[in-house]
S.K.: 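Just passing along the structure, written as structure tokens.
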Amino acid sequence: MLNITLPDGKKLSFSDSITGFEIAEKISKSLSKQALIVSVDGQLRDLDFKIKKDSAVKIFTSKDKEGLETIRHDTAHILAMAVQELFPGTQVTIGPVIEDGFYYDFARKDPFTKEDLEKIENKMKEIVDRNEKTYREVWKRNDAIEHFKKNGEIYKAEIINSIPEGEEVSIYFHGKWHDLCRGPHLSSTGKVGKFFKLTKVSGAYWRGDSNNEMLQRVYGTSWSTQKELDDYLLRIEEAEKRDHRKLGKEMDLFHFREESPGSVFWHEKGWNLFQKLVSYMRMKQDQAGYKEINTPEILDRTLWEKSGHWEKFGANMYTSTTPDEKVFAIKPMNCPGCVQVFNQGLKSYRDLPLKMSEFGKVHRYEPSGALHGLLRVRAFTQDDAHIFCTEDQITEECLSVTNLILEIYKDLGFENVILKYSDRPDLRVGDDSVWDKAEAALLEAIKESKLEYSINKGEGAFYGPKIEFVLMDAIGRDWQCGTLQVDLNLPGRLGASYVDKDGNKKIPVMLHRALFGSLERFIGILIENYSGKLPFWITPLQSVVIPVSNDFDEYAKNVYEQLKKSGISAEVDLKNHNLNYKIRDHSLSKVPMLLICGKKEVDTNSVTIRRLDSTKHENMDLKEFIKQYSAFNKAPSI
RNA sequence: GCCCCUGUAGUUAAAUGGUAUAACACAUCCAUGGUAAGGAUGAGUUUCCAGUUCAAUUCUGGGUGGGGGCACCA
């Protein structure tokens, strides 16, 4: 007698062993058609897995995450089958499911071309039509290793070798083709359907290690219906439309050029946006008790040696040798400079916590392949601050930083924030006992903040553990921005101290924090989040005054002058073009408000507002307009 | 840095072993227009360095930039 418990609590009894498929059949005919895999006591299994003891069973269809992931996993196998049929001698390695799809890494001398992808895709569809039956076998480890070695699959043999002793080595067959795989899989290749597409090819290191050889990775996406596939492809297209590199060009915000890869040439409007963010943050930080400072961009090599940067960060540093052969480094971080400001003059425990902020421009020699528009550059401005405090103050200061960050994100329209906590990396400075303390204090602050957090093992900075603030944008992508790091190492290395109550010198704790992280990067994120239609108060060009014809140029100029005085940014468009042309022109560059001036407006001393993405006309008295909109010209929390 | 793709006016693209085309933008002129492109005229271009060739923007190699990934990371 065998008792099966279903997720709704219902129990079914069977006399003998039973498979998931048979249970599904028992429940309903339609379920048996839709069933893809099962879980038995929480373990995902094939539909034909023989259940021999009392178990809790759940049946998954394509509507479940587990079902869809299995479809993707199977599509990856079919990809590997197709590649090996078309290109004999190609070795298979791994082919996992990823967000929205899957990939498979192959070892092959010749690279796959775009045409190859098409051929492979057609072959995959053929394999689905062949509807090859899937079955699972468990092999002895050594037999499996021998078998794959004999077939020239040295990567597979290596993978089997690294499977822990005692774990089953399962081999899945789709017809004759077979692969080492944990499973589970659909019962046949036909079950996968044809709602997939191969999206790109790229290189990828074997086992993710850049010391290893490079394999060829084929990416694909796979869904359970044509509509889901179409929706996904549309979503990708929509995301491309908000690419900040494209919008930055269209909106005339910035550009890059060959003479300085990874460094931004800010145009007037982009720089205006940049400055609006800076002055907003100055105001917020001033309210929160920060003192703004500024330190040199170029500092002597010896300081970087003392701080540990020369050794641990040297590969990313720009250096400069002067005519008299002295070596300086262009700062990749602001911290050593800030500590020097702290070191100047004697500090008392009464001065703590001392919060020093700096909009510091740093340069880092990033690997060329990492550069990506504003999101990853070689020269960027950190909205940095260093908080010198006592060990007892760490938790409280961390909490106040967290609150400031959340407030600022909210002002800019990001309310969905999670934390990532990273502890000690392999490459680090300082004793483990010091790390123990720093990690504990930071973790305590996180717990008190009550925010959701995840742990990244070994991802901390070389001088201390850190929290990263990750925000979610309008289309669900997450971006790492702010960071908060506890540092019990640098102040000691650089000789920072304060006089404590008892008259003895003590070494302060230093917290490093950045709110947006990099202004450049944050602007990129803002542009993508808003598709270029930024909140009014940070929009660089808020209005353009357009006369209906030259007859109204004087009035339009007058309106423009008044707007400028009120702090609303404006241009007046007196070019030889008609109204339609100008509306199109400024709409494409995403000016939120166009102010149309003709006879009617002159007569009533008013403007007609035409908003971006609206064809409504709204006539408003000019004084009233200025009063209303200059009030909107600041952050929500100010 | 590694793998693949790629570099043509300000921008987006087209074409070619005999130095190149269009649209938009720009300039001048005409038109003076009420909510997403009015018309005419004009000026402007093959990423750099080698090689092959009578001839290279085109073919080959390299540098460099850009893109998609990997690795790295704010």
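Convention: sequence-line order gives letters A, B, ...; per-chain numbering from 1. All values reported here derive from a predicted model rather than from experimental measurement.
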S.K.: Would you give the length of the straight line joining atom CG of A/D478 to atom CD1 of A/I418, rounded to the nearest 0.5 angstrom?
M.R.: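 Taking CG in A/D478 and CD1 in A/I418, the distance rounds to 6.0 Å.
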
S.K.: State which of B/U35, B/C72, B/A74 makes the closest approach to the side chain of A/A370.
M.R.: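 Ranking B/U35, B/C72, B/A74 by closest atom to the A/A370 side chain puts B/C72 first.
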
S.K.: Within the 3.5 Å criterion, strictly below it, is a donor on A/E618 or A/T608 matched to an acceptor on the partner's side chain?
M.R.: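 On atom types as modelled, these side chains do not qualify, holding no pair under 3.5 Å.
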
S.K.: Taking the side chain as everything from C-beta on, heavy atoms only, tell me whether A/I467 gets closer than 4.5 Å to A/K420.
M.R.: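 A side-chain contact under 4.5 Å is absent here.
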
S.K.: Do A/D621 and A/S606 get their side chains close enough for a donor-acceptor pair, meaning under 3.5 Å?
M.R.: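 No pair is found: no donor N or O on one side chain lies under 3.5 Å from an acceptor on the other.
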
S.K.: Give a yes/no on whether any side-chain N or O of A/R207 is located under 4.0 angstrom from OP1 or OP2 of B/C70.
M.R.: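 Looking at the OP1 and OP2 atoms of B/C70, neither is under 4.0 Å from any side-chain N or O of A/R207.
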
S.K.: Looking only at the side chains, is there a donor atom on one of A/R282 and A/Y280 sitting less than 3.5 Å from an acceptor on the other?
M.R.: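 Side-chain D/A pair, A/R282 to A/Y280: absent.
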
S.K.: How would you label the contact of A/K249 with the nucleic acid (heavy atoms, under 4.0 Å): base, sugar-phosphate, or nothing?
M.R.: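 Contact class for A/K249: sugar-phosphate only.
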
S.K.: In whole angstroms, how far is the P atom of B/C48 from the CZ atom of A/R257?
M.R.: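 Those two atoms, CZ and P, are 15 Å apart.
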
S.K.: Look at all strands and tell whether A/K600 reaches a base, only sugar-phosphate, or nothing, counting heavy atoms closer than 4.0 Å.
M.R.: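 Base, at least one base atom sits under 4.0 Å.
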
S.K.: Please state how far atom CZ in A/R584 lies from atom P in B/G38, giving the value in whole angstrom units.
M.R.: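 Distance check: A/R584 CZ to B/G38 P gives 9 Å.
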
S.K.: Nearest-Å distance, CD (A/Q480) to P (B/C72)?
M.R.: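 That distance rounds to 14 Å.
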
S.K.: Going by distance alone, is a donor N or O of one side chain under 3.5 Å from an acceptor N or O of the other, for A/Q84 and A/E153?
M.R.: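 The criterion, which ignores hydrogens and geometry beyond distance, is satisfied for A/E153 and A/Q84.
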
S.K.: Please report the distance, rounded to the nearest Å, between CZ in A/R108 and C1' in B/C4.
M.R.: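 In whole Å, B/C4 C1' lies 13 Å from A/R108 CZ.
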
S.K.: Report the distance from atom CD of A/Q485 to atom C1' of B/A74, rounded to the nearest whole Å.
M.R.: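 In whole Å, B/A74 C1' lies 10 Å from A/Q485 CD.
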
S.K.: Tell me whether the side-chain N or O atoms of A/R610 pair up with the base of B/A36 as donor and acceptor below 3.5 Å, since no angle test is needed here.
M.R.: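 Pair found.
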
S.K.: Looking at A/H372, does any N or O in its side chain come under 4.0 Å of the phosphate oxygens OP1/OP2 on B/C73?
M.R.: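 For B/C73, OP1/OP2 do not have a side-chain N/O of A/H372 under 4.0 Å.
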
S.K.: To the nearest Å, give me how far apart CZ (A/R378) and C1' (B/U64) are.
M.R.: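 Spelled out: CZ on A/R378 to C1' on B/U64 is 12 Å.
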
S.K.: Between the base of B/C73 and the side chain of A/R376, is there any donor-acceptor pair under 3.5 Å?
M.R.: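 Result: at least one qualifying N/O pair found.
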
S.K.: Do we see A/Y205 stacking on the base of B/A71, given a limit of 5.5 Å between centres and 30° between planes?
M.R.: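 Here A/Y205 fails the 5.5 Å or the 30° condition.
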
S.K.: Looking at B/A74, B/U35, B/G65, which one has an atom nearest to any side-chain atom of A/E366?
M.R.: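 Looking only at heavy atoms from C-beta outward on A/E366, the closest nucleotide is B/A74.
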
S.K.: Given B/U32, is OP1 or OP2 found less than 4.0 Å from the side-chain N or O atoms of A/N550?
M.R.: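 Answer is no, no contact under 4.0 Å.
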
S.K.: Check whether the side chains of A/Y103 and A/R72 place a donor and an acceptor atom closer than 3.5 Å, and report yes or no.
M.R.: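 Note: A/Y103 and A/R72 side chains miss the donor-acceptor criterion.
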
S.K.: Are A/E250 and A/K246 ion-paired here, with the side-chain N under 4.0 Å from a carboxylate O?
M.R.: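 Judged by the 4.0 Å cut-off on N to carboxylate O distance, A/E250 and A/K246 do form a salt bridge.
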
S.K.: Of all the choices, B/C70, B/A71, B/C26, which nucleotide is nearest to the side chain of A/S210 once you look at every atom?
M.R.: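 Taking heavy atoms from C-beta onward, the closest nucleotide is B/A71.
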
S.K.: Quick one: does A/Q216 reach the base of B/G69 with a side-chain donor-acceptor pair under 3.5 Å?
M.R.: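 It does not, because no donor-acceptor pair links the side chain of A/Q216 to the base of B/G69 below 3.5 Å.
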
S.K.: Starting at CD of A/E240 and ending at C1' of B/G68, how long is that distance when rounded to a whole Å?
M.R.: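 Value for this atom pair: 10 Å.
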
S.K.: Using only side-chain N and O atoms of A/Y103, determine if any of them is under 4.0 Å from OP1 or OP2 of B/C70.
M.R.: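 Checking A/Y103 against B/C70: no side-chain N or O falls below 4.0 Å of OP1 or OP2.
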
S.K.: Can you say whether a donor on the side chain of A/R521 sits under 3.5 Å from an acceptor on the base of B/A74, or the other way round?
M.R.: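 Checked by distance alone, the answer is no.
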
S.K.: Which nucleotide, B/G68, B/C72, B/C26, lies nearest any side-chain atom of A/P367?
M.R.: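 Looking only at side-chain atoms, A/P367 lies closest to B/C72.
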
S.K.: OG1 of A/T221 to CH2 of A/W223: how many Å apart, nearest 0.5 Å?
M.R.: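 One gets 5.5 Å once the value is rounded to the nearest 0.5 Å.
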
S.K.: On the side chain of A/D551, is there an atom forming a donor-acceptor pair with the base of B/U32 - under 3.5 Å, no angle test?
M.R.: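 Not at all, since no donor on one side and acceptor on the other fall under 3.5 Å apart.
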
S.K.: Dot-bracket for RNA chain B: what is it, with Watson-Crick or G-U pairs under 3.5 Å, [ ] where a pair crosses earlier ones, and | for a pair to another strand?
M.R.: (((((((..((((....[..)))).(((((.......)))))....(((((..]....))))))))))))....

S.K.: Which nucleotide sits closest to the side chain of A/R245: B/C70, B/G67, B/G34?
M.R.: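 Taking heavy atoms from C-beta onward, the closest nucleotide is B/G67.
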
S.K.: Distance check needed: B/A71 C1' versus A/E213 CD, whole Å only.
M.R.: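 It works out to 14 Å between those atoms.
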
S.K.: Nearest of B/G65, B/C3, B/G34 to any side-chain atom of A/P261?
M.R.: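 Nucleotide nearest to A/P261's side chain: B/G65.
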
